[in-house]
Amino acid sequence: MQQILDAILAGATGDDLAAVPLPESYRAALVRREDADMFEGVASEDKDPRKSLRVEEVAVPELAPDEAYIAVMASAINFNTVWTSIFEPLSTFGFLDRLGKEGRWGARHALPYHVVGSDAAAVVLRVGSAVRSWKPGDKVTIHCNYVDDQDPSAHDDSMLAANQRIWGFETNFGGLADLAVVKANQLMPKPAHLSWEEAAVNALCNSTSYRMVVSANGAGMKQGDKVLVWGATGGLGAYAVQYVLNGGGIPVGVVSSPEKAELLHQMGVEAVIDRKAAGYRFWKDAHTQDESEWRRLGKDIRALVGDDVDIVFEHPGRQTMGASVFVAKRAGTIVTCAATSGYMIEYDNRHLWMKLKTIKGSHFANYREAWDANQLVCDGKIVPPLSAVFDLEHAGEAAYQVHHNLHEGKIGVLCLAPSEGMGIDDPEARARIGEDRITLFRRAEA
Ligand code: NAP
């Protein structure tokens, strides 16, 4: 990989890069099948990704005709890497084994190890014989929607494809590595004004939030809509509030510290709730919710923005869903993509049907949505909420930080990139978009 890195850093042309031999193995962050039971009997919060996420050399797999090898300059931690590394709610080797049954190319994925990671900023090294739009040397970001486009169910909204998967979570050969294998229809242009690590953190959370807030497949927010965003400085939330502001909506951001509240104000969010300071107790005990606490949240929202919210951007799940359904306006939408605090959800259905509200499920984004969300990053309309950077050897520590909510925004991981700040090809655009905007989260963390 050193020869490849040297060529990239020396600005090699695509042809030069294509002439550099591929290695037989590469460095990757992975979990091992034999470790899948290592946390049995351990409480969820004590399951430690630093114990299960290892960095090892693995063999370069064969390339399918519709795929590309990419040299990964930087990647990012997503919550799905936390799930894989603590083997919750189930071991991801089940996903790999299922994919392994899908013919010759699927069989490559069912291995004793799972190379994780669902984001990357990279350089294309080789493309398969069926790839038309990309070539060696292209600088790219990767979205994680992995679909077989020869399946008719993928042709409308590819997130509805019967065999839709998330790359690096439900497939092998993910982005937390020096090299990765992706389908050509996961490739998108790298924003030229961003460094490798700034470019690497966006695709998964940015595209997910775009679909949830902007797309007609999600809440389809319109100008003037009031939107409650849980975890508003977290991975998803930090993009969601940018979409609400860009689209003429009014965000109500919920966070859990004065520092995060200040960060939101600096992003231009006026209505901010510190849920810790407010001390909401939506659950009286493990089985009983407290409607008076839902009502208190509703009052706090009205005090800030004068009305109930049209949209709730939901992902904490069990802890908040009852409140989310309650505080949404008549005919409002609760759009949800996750359940970090528990997926067995309880809410009072009377508030849903009597007030004609909708709960809308959402999951990642199709290629078109991911592409449009990436274009907004390229145009500087969306900026990366990168707050911290680790090297690949410390991927376990980075995942630990996300698991314990010790981070803000996104954590980047340097793979081949030797240091932060490299890969900026358009400094003029960067200056125009604003160094301060681009580095807001990084400076707050420092
Ligand atoms: P993140 O960076 O950890 O941010 C989540 C935020 O939620 C935290 O910053 C925290 O903010 C808030 N939060 C956590 N627990 C909470 C609770 N009990 N009550 C209220 N707020 C709580 O994670 P993320 O990347 O945004 O992902 C969030 C969830 O979405 C994860 O479960 C992830 O797996 C899922 N996800 C799903 C998709 C999809 O396509 N389906 C895509 C991306 C992520 P405060 O402490 O500041 O309030």
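Remember, it's 1-based here, ligands and their atoms both numbered in the order they're listed. Throughout, numbering of the chain's residues begins at 1 and tracks the sequence.
- In terms of protein heavy-atom proximity, atom 39 (C) of ligand 1 is nearest to His363 ND1, 3.4 Å.
- In summary, the side chains of Asp285 and Thr288 do present a donor paired with an acceptor at a separation below 3.5 Å, with no hydrogens or angles considered.
- Residue-to-ligand polar distances place Lys260 within reach of ligand 1: an N/O pair is separated by less than 3.5 Å.
- Residue-ligand proximity: His407 is placed with a non-hydrogen atom under 4.0 Å from ligand 1.
- Residue Asn78 places every heavy atom at 4.0 Å or more from ligand 1.
- When Leu236, Asn405, Leu406 are checked for heavy-atom proximity to atom 44 (C) of ligand 1, Leu236 turns out nearest.
- Side-chain atoms of Gln242 and Asn246 form no donor-acceptor pair, as typed in the model, at a separation below 3.5 Å.
- The closest protein non-hydrogen atom to atom 30 (O) of ligand 1 is Ala338 CB, 3.1 Å.
- Of the polar atoms of Thr320, none of the N or O atoms is found under 3.5 Å from an N or O of ligand 1, judged by distance alone.
- Between His143 and Tyr367, the two ring planes are tilted [angle within 30° to 60°].
- The protein heavy-atom contact nearest to atom 11 (O) of ligand 1 is Gly231 CA, 3.4 Å.
- Relative to the ring axis of Phe441, Lys410 does not place its NZ or CZ within 45° and under 6.0 Å from the centre.
- Side-chain contact check for Ser207 and Glu369: no donor-acceptor pair (N or O, by modelled atom type) lies under 3.5 Å.
- At least one N or O atom of Gly235, backbone or side chain, sits closer than 3.5 Å to an N or O atom of ligand 1.
- Ring-plane geometry between Phe93 and His114 is classed as perpendicular, the angle between the planes exceeding 60 degrees on a 0 to 90 degree scale with a lower cut at 30.
- A donor-acceptor pair is defined here as one N or O able to donate and one able to accept, closer than 3.5 Å; no such pair exists between the side chain of Glu314 and the backbone of Trp230.
- Atom numbering of ligand 1 starts at 1 in the shown order; those under 4.0 Å from a heavy atom of Gly234 are 2 (O), 4 (O), 9 (O).
- Looking only at side-chain heavy atoms (C-beta outward), Tyr243 and Asn206 come within less than 4.5 Å of each other.
- Ser44 and Glu88 share a donor-acceptor pair across their side chains, judged by distance under 3.5 Å alone.
- Of the protein's heavy atoms, Ser256 OG, 2.6 Å lies nearest to atom 46 (O) of ligand 1.
- Relative orientation of the Phe313 and His315 rings is perpendicular, given thresholds of 30° and 60° on the angle between their planes.
- Remark: minimum distance from atom 37 (C) of ligand 1 to any protein heavy atom is reached at Cys337 O, 3.5 Å.
- Judged by distance alone, the side chain of Lys190 and the main-chain N or O of Leu194 form a donor-acceptor pair under 3.5 Å.
- With ligand atoms numbered from 1 in the order given, ligand 1 contributes 42 (C), 43 (C) to contacts under 4.0 Å with heavy atoms of Leu204.
- Near Gln319, meaning under 4.0 Å from one of its heavy atoms, ligand 1 places the atoms 18 (N).
- Protein heavy atom closest to atom 15 (N) of ligand 1, with residue, atom name and distance, is Arg275 NH2, 4.0 Å.
- Using a 4.0 Å cut-off to heavy atoms of Val255, the atoms of ligand 1 that qualify are 47 (O), 48 (O).
- Residue, atom and distance of the protein heavy atom nearest to atom 40 (O) of ligand 1 are Phe364 N, 2.7 Å.
- Among all protein heavy atoms, the one lying closest to atom 33 (C) of ligand 1 is Phe79 CB, 3.3 Å.
- Using a 4.0 Å cut-off to heavy atoms of Cys205, the atoms of ligand 1 that qualify are 25 (O).
- For the pair Arg50 and Tyr400, the cation-pi criterion (under 6.0 Å, within 45° of the ring axis) is fulfilled.
- Of the heavy atoms in Ser257, none comes closer than 4.0 Å to ligand 1.
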